[in-house]
Amino acid sequence: MGFPRLEILEKKFFVSQVVFPYIPGLLSFREAPLLLGALAKIRREPDIILFDGQGIAHPRRMGIATHLGLFLQKPTIGCAKSLLVGKYLHPGGRKGSYSFLEDKGEVIGAAVRTRKEKKPVFVSPGDGIDLMTSIEIVLRCTGRYRLPEPLRQAHLLVKEIREEFEERSGQEIPSRLSEGITEGHVPRYTYKYFSRREPWKR
DNA sequence: GCGACAG
DNA sequence: ATCTTGTCGC
């Protein structure tokens, strides 16, 4: 999308099976491969990328937005619909109000009210950008809905693709089966490894 | 040991 | 995330 007009410039998608389970704190391992697949199809070079997930508001300050920002060497922002880690005071009810999110004595993001009286979204820098700029961009990308337009449009596109695929292939895409497919494709040792407490300390 | 836990 | 039931505001 263009900024600040938010015109859609390109729409691309990527379909495949997930090969890693959803584990809080390890979302990148499950979704990054597919996101990279879709991003590889984009012709234009984005100036910045907004992700549906955390940036540095992560136990190890490495949410999916940060992870991919570093990988792609591109500025990124994390905008999650719910909290992973950190504490915050409820922000004011007006659209645009926000309060900082902190963990272990450091500010890692903010709870931003993108819609009056609605649950806030959690914004945190991915990489190559600061918190205040991240908040400003998310707000300027938000219109009448809770989610910033880039993320909302992405969700709508996925819904569109999925429905078309379901009717054309007779058998719908077992979206919930991502669980089933996952268990059958993730090597046993891999799952055991990541199922332990704080596996990154091993 | 118990609770929390992006999508 | 997905699913189901019911409610509130434009």
Side-chain angles (χ1 to χ4, degrees), chain A residues 13-39 49-71 76-88 93-95 101-104 108-127 131 134-135 138 143-148 150-163 165-166 171-183 185-186 191 194-201:
Chain A
F13 63 87
F14 184 80
V15 180
S16 86
Q17 300 185 328
V18 291
V19 300
F20 198 86
Y22 166 67
I23 298 175
L26 300 178
L27 180 63
S28 284
F29 293 84
R30 178 189 178 80
E31 306 197 344
L34 304 186
L35 291 173
L36 290 174
L39 286 169
I49 306 176
L50 191 55
F51 286 95
D52 186 332
Q54 314 292 345
I56 62 172
H58 176 280
R60 300 173 298 289
R61 311 291 179 263
M62 194 58 66
I64 194 167
T66 307
H67 195 160
L68 287 175
L70 290 166
F71 186 85
T76 60
I77 295 175
C79 180
K81 302 183 293 299
S82 59
L83 195 61
L84 172 61
V85 69
K87 306 286 194 228
Y88 68 98
R94 292 80 49 193
K95 173 176 181 177
L101 172 65
E102 51 185 274
D103 180 50
K104 296 175 180 176
I108 59 176
V112 182
R113 199 79 74 180
T114 51
R115 225 194 132 171
K116 183 180 182 180
E117 296 300 287
K118 284 293 189 174
K119 191 219 286 184
V121 292
F122 301 88
V123 179
S124 59
D127 187 60
L131 178 57
S134 297
I135 294 174
V138 165
R144 183 190 172 216
Y145 304 88
R146 183 168 85 111
L147 294 184
L151 298 186
R152 203 174 76 81
Q153 289 303 321
H155 280 309
L156 291 176
L157 176 60
V158 170
K159 187 190 180 209
E160 207 174 284
I161 300 301
R162 176 197 288 163
E163 296 182 331
F165 197 106
E166 291 180 342
Q171 342 170 5
E172 58 185 69
I173 293 180
S175 55
R176 105 194 52 148
L177 169 70
S178 29
E179 263 72 273
I181 292 176
T182 289
E183 293 183 57
H185 288 235
V186 178
Y191 189 76
F194 287 107
S195 292
R196 306 193 44 158
R197 298 279 182 189
E198 309 184 279
W200 51 90
K201 286 186 177 177

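All figures in this text were calculated on a predicted structure; none of them were measured in a lab. Note on naming: letters A, B, ... go to the chains in the order of the sequence lines (proteins, then strands), and numbering restarts at 1 for each one.
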(request) Can you see which heavy atom on A:Ala80 is nearest to which on A:Gln54, and at what distance? (result) CB-NE2, 3.2 Å
Please classify the nucleic acid contact of [X] as base, sugar-phosphate, or nothing, using heavy-atom distances under 4.0 Å.
X	result
A:His67	nothing
A:Gly78	nothing
A:Ile64	base

(request) Find the distance between CZ (A:Arg61) and CG (A:Asp103) and round it off to the nearest 0.5 Å. (result)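 It is 4.5 Å, given to the nearest 0.5 Å.
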(request) Quick one: pull up CD1 in A:Ile161 and CG in A:Leu156 and give me the separation to the nearest 0.5 Å. (result) 11.5 Å
For residues 114-127 of chain A, which side-chain donor-acceptor pairs fall under 3.5 Å, sequence neighbours excluded?
| residue | atom | partner | partner atom | Å |
| --- | --- | --- | --- | --- |
| A:Thr114 | OG1 | A:Arg146 | O | 2.5 |
| A:Lys119 | NZ | A:Lys81 | O | 3.3 |
| A:Ser124 | OG | A:Gly55 | N | 2.7 |

Euclidean distance, atom [atom1] of residue [X] to atom [atom2] of [N] [Å, nearest integer]:
X	N	atom1	atom2	answer
A:Leu26	C:dA1	CG	C1'	17 Å
A:Glu117	C:dG9	CD	P	11 Å
A:Tyr88	B:dA6	OH	P	13 Å
A:Gln54	B:dA6	CD	P	8 Å
A:Leu27	B:dC5	CG	P	15 Å
A:Ile23	B:dC5	CD1	C1'	11 Å
A:His58	B:dA4	NE2	P	19 Å
A:Ile56	B:dA6	CD1	C1'	15 Å

side-chain N/O [X] vs [N] OP1/OP2, d < 4.0 Å:
X	N	value
A:Ser82	B:dC5	no
A:Arg144	C:dG9	no
A:Lys81	B:dG7	yes

(message) Looking at A:Val85, is its backbone amide N or carbonyl O close enough to the side chain of A:His58 to form a donor-acceptor pair, meaning the two atoms are under 3.5 Å apart?
(response)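 Answer holds: no.
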(request) Look only at the side chain of A:Glu31 and the backbone of A:Val18, and say whether a donor-acceptor pair between them is shorter than 3.5 Å. (result)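 Looks like no, no N/O pair under 3.5 Å.
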(request) For atom CZ of A:Phe13, decide whether the heavy atoms of other residues, nucleotides or ligands shown that lie under 6.0 angstrom number more than 12. (result)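 Open: at most 12 neighbouring heavy atoms sit under 6.0 Å from CZ of A:Phe13.
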(request) Starting at the 5' end of DNA chain B, write a dot or bracket for each base, bracketing those in Watson-Crick or G-U wobble pairs whose two distances are under 3.5 Å and using | for partners on another strand. (result) .......
